[in-house]
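After the structure tokens below, expect a handful of questions from me.
For clarity, every value in this text was computed on a predicted model and none was experimentally measured.
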Amino acid sequence: MPATVHVRELIADDLDAAWELGRFAFGSDPQRPASTTATVPGLTRYGAFDDAGRLVGKAVDLHHDQWWSGRAVPAADVAGVAVAPEARGRGVGRALLTGLLRGARDRGAAISALYPTVAAPYRACGWEAAGVLRTVDLATAALPRHRPASHLTVRAGTPADLPAVDALYERVTRHRNGMLTRRGELFDAADRGLPGDGVTLVEADGELVGYATWQRGRGYGADSVLTVDEALAVTAEAARELVGVLGSWASVAPTVRLCPLDGDAVSVQLPLESAREHERDLWMHRPVDVARAVGARGWPAHARGAVDFHLTDPLADWNTGTWRLAVADGAAELTRVDGEAGLRLDVRGFALLYAGAAHARSVAQAGLLHHSPGVDPAALDLLGAGGPAQLLDYF
């Protein structure tokens, strides 16, 4: 393959080749969908082309927003990355992701997340593993049952209830870190029919306080599984009610499959000590624009301080340089400063700290943070204030 590749946004004439590239990479159904469109609201498709004009790589920038301590941060979440087998190991993926990051920065993105099929190529481009989306199986009969609360109403949801479901999702997730806001063009354009096979609602005085969306699956024997796409609540009573409804499926669906959200109202009601892991999907994070990533997010009100550090980002040169992080009163700012700094941070270390996935001393032990003699690396724990990030959406 020639040494150079050319990265640009895909147009309508490129979509056949892009679909074929993805089909081979991910083992998709050989039957192509009846129609595709060059313009999908809320995403940008990128392609890498060789000197002969052949498409040798592709990737998609999903225009998501993520919640970070109460503020929505614009994200470039990456999906559908594929490189032609004859072009692998020749820098195509790196060129493609460099172009995607530049385009994402130009449109205002601050951070990026992705689910890798293999981590090494993304580590080489500045992403770092920051968390795991876990799917677990529980014995339905083991779910706790209780006498239904008289002040709560449990009923099946309808499409008219979806705005209230969206609002409750936001109540649960907006104070966390990393969760998708589920706002924007990608979600506005989505089919707004009921998700899965059913939605169970819990209400108190007409107000939604809990919901579960689920898929019944097939059969009613020992291998039957009730898949719960999401179960969230804003009170302990509503959570107990939801878990009781899920437990009522025990006679026909011996297994409940779900993704627990750490420390939320529903998860603390589940017998997670007996859970069997069904699947785990590693996700990775990196900044698109470090100054924007710091300034756009919320910060804990108690966090206060300042620290200087030098950042190295081989793919996004606009991030490289010496910076001063200042945090106070629930906000932060990252500004460029002159001179050297006693703390030298790799962009992967920045990703770990920003996502709350590691402490600064651990990042230093991993070789992603270097410090001068007498300089305590723990000063950069300020960048990780706010607790660990978590994703509940797969993309």
Side-chain angles (χ1 to χ4, degrees), residues 1-30 32-33 36-40 42-64 75-107 109 111-130 281-289 312-320 346-348 350-351 368 394-395:
M1 191 190 89
T4 58
V5 293
H6 312 279
V7 177
R8 62 168 171 81
E9 291 186 29
L10 297 182
I11 61 175
D13 289 346
D14 303 319
L15 294 183
D16 285 344
W19 184 82
E20 284 292 331
L21 192 58
R23 180 174 78 84
F24 284 117
F26 303 114
S28 306
D29 190 325
R32 187 182 178 192
T36 57
T37 176
T39 302
V40 176
L43 64 81
T44 306
R45 299 184 180 105
Y46 287 90
F49 297 81
D50 65 14
D51 287 330
R54 291 183 294 263
L55 181 71
V56 292
K58 72 177 190 75
V60 178
D61 167 11
L62 301 170
H63 304 181
H64 289 156
D77 290 338
V78 181
V81 180
V83 175
E86 300 80 8
R88 291 172 189 159
R90 301 171 186 265
V92 172
R94 187 180 184 87
L96 187 62
L97 292 170
T98 300
L100 185 151
L101 284 172
R102 189 171 296 276
R105 181 183 185 239
D106 288 346
R107 70 166 181 82
I111 54 179
S112 175
L114 57 81
Y115 287 93
T117 52
V118 59
Y122 298 103
R123 282 192 166 122
C125 292
W127 280 265
E128 187 49 70
D281 294 293
L282 178 77
W283 58 269
M284 306 180 78
H285 212 265
R286 80 141 22 240
V288 173
D289 183 295
T312 302
D313 188 341
L315 254 67
D317 55 4
W318 54 85
N319 289 330
T320 295
D346 183 274
V347 65
R348 290 165 54 202
F350 184 101
L368 300 176
Y394 184 86
F395 45 83

Let me confirm one number: the CD1-NE2 distance from I111 to H64, rounded to the nearest 0.5 Å.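 With rounding to 0.5 Å, CD1 (I111) is 11.5 Å from NE2 (H64).
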Would you call R123-E128 a salt bridge at under 4.0 Å N-O?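 Yes.
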To the nearest 0.5 Å, what is the distance between CG on L315 and CZ on R102?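 Rounded to the nearest 0.5 Å, the CG-CZ separation comes to 9.5 Å.
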For V56 and R90, what are the C-alpha separation, side-chain angles and deciding distance, and is it a side chain to side chain contact (heavy atoms under 4.5 Å, CB included)? CA-CA 11 Å; V56 292; R90 301 171 186 265; over 6 Å; no
F49 and D14: side chain to side chain contact (heavy atoms under 4.5 Å, CB included), yes or no, with the steps? CA-CA 10 Å; F49 297 81; D14 303 319; 3.8 Å; yes
Rounded to the nearest 0.5 Å, how far apart are CG of L114 and CG of L97?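 Output value for this atom pair is 8.0 Å.
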Smallest separation among heavy atoms of V5 and A95, with atom names: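 Residues V5 and A95, closest heavy atoms: CG2-CB, 3.4 Å.
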Considering all heavy atoms of both residues, which atom of A82 and which atom of F26 are nearest to each other, and what is their separation?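 Closest approach of A82 to F26, heavy atoms only: CB-CE1, 4.3 Å.
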Looking at V288, is its backbone amide N or carbonyl O close enough to the side chain of W318 to form a donor-acceptor pair, meaning the two atoms are under 3.5 Å apart?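 Side chain of W318 to backbone of V288: a pair is present.
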Minimum-distance pair of heavy atoms, taken over all atoms of Y46 and G99: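 Reported closest heavy-atom pair: CE2-O, 4.0 Å.
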With distance as the sole test, does D77 use its side chain to make a donor-acceptor pair with the main-chain N or O of A113 at under 3.5 Å?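 It does hold such a pair.
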As an exercise, state the distance from CG of D281 to CZ of F395, rounded to the nearest 0.5 Å.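 Separation between the atoms: 10.5 Å.
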What heavy-atom pair brings L55 and G57 nearest, and what distance separates the two atoms?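 What the structure gives for the nearest pair is CD1-O, 3.2 Å.
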What residues form a side-chain contact (heavy atoms from CB on, under 4.5 Å) with V83, not counting sequence neighbours?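 With sequence neighbours excluded, V83 shows a side-chain contact (heavy atoms from CB on, under 4.5 Å) to A87, R88, V92, given in chain and number order.
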Measure the shortest side-chain to side-chain distance between N319 and F350 over non-hydrogen atoms and say whether it is less than 4.5 angstrom.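 With C-beta onward as the side chain, the pair stays apart.
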Could you grab the distance from atom CG of D106 to atom CG of D289, nearest 0.5 Å is fine?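 It is 10.0 Å, given to the nearest 0.5 Å.
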Could you report the tightest heavy-atom contact between P314 and R94, atom names first, then the distance?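 Residues P314 and R94, closest heavy atoms: CB-NH2, 3.7 Å.
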Passes side chain to side chain contact (heavy atoms under 4.5 Å, CB included), R286 versus L101? Steps please. CA-CA 10 Å; R286 80 141 22 240; L101 284 172; 3.7 Å; yes
Do the side chain of T320 and the main chain of D313 share a donor and acceptor less than 3.5 angstrom apart?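 It does hold such a pair.
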Counting distance only, does the side-chain N/O of K58 pair as donor-acceptor with the main-chain N or O of R45 below 3.5 Å?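 No; zero donor-acceptor contacts below 3.5 Å.
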Hey, could you give me the CG/CD distance between D50 and E86, rounded to the nearest 0.5 Å?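 These two atoms lie 10.5 Å from each other.
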Tell me the closest heavy-atom pair linking G22 and S28, and the distance in Å.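 Result for this residue pair: O-OG, 4.0 Å.
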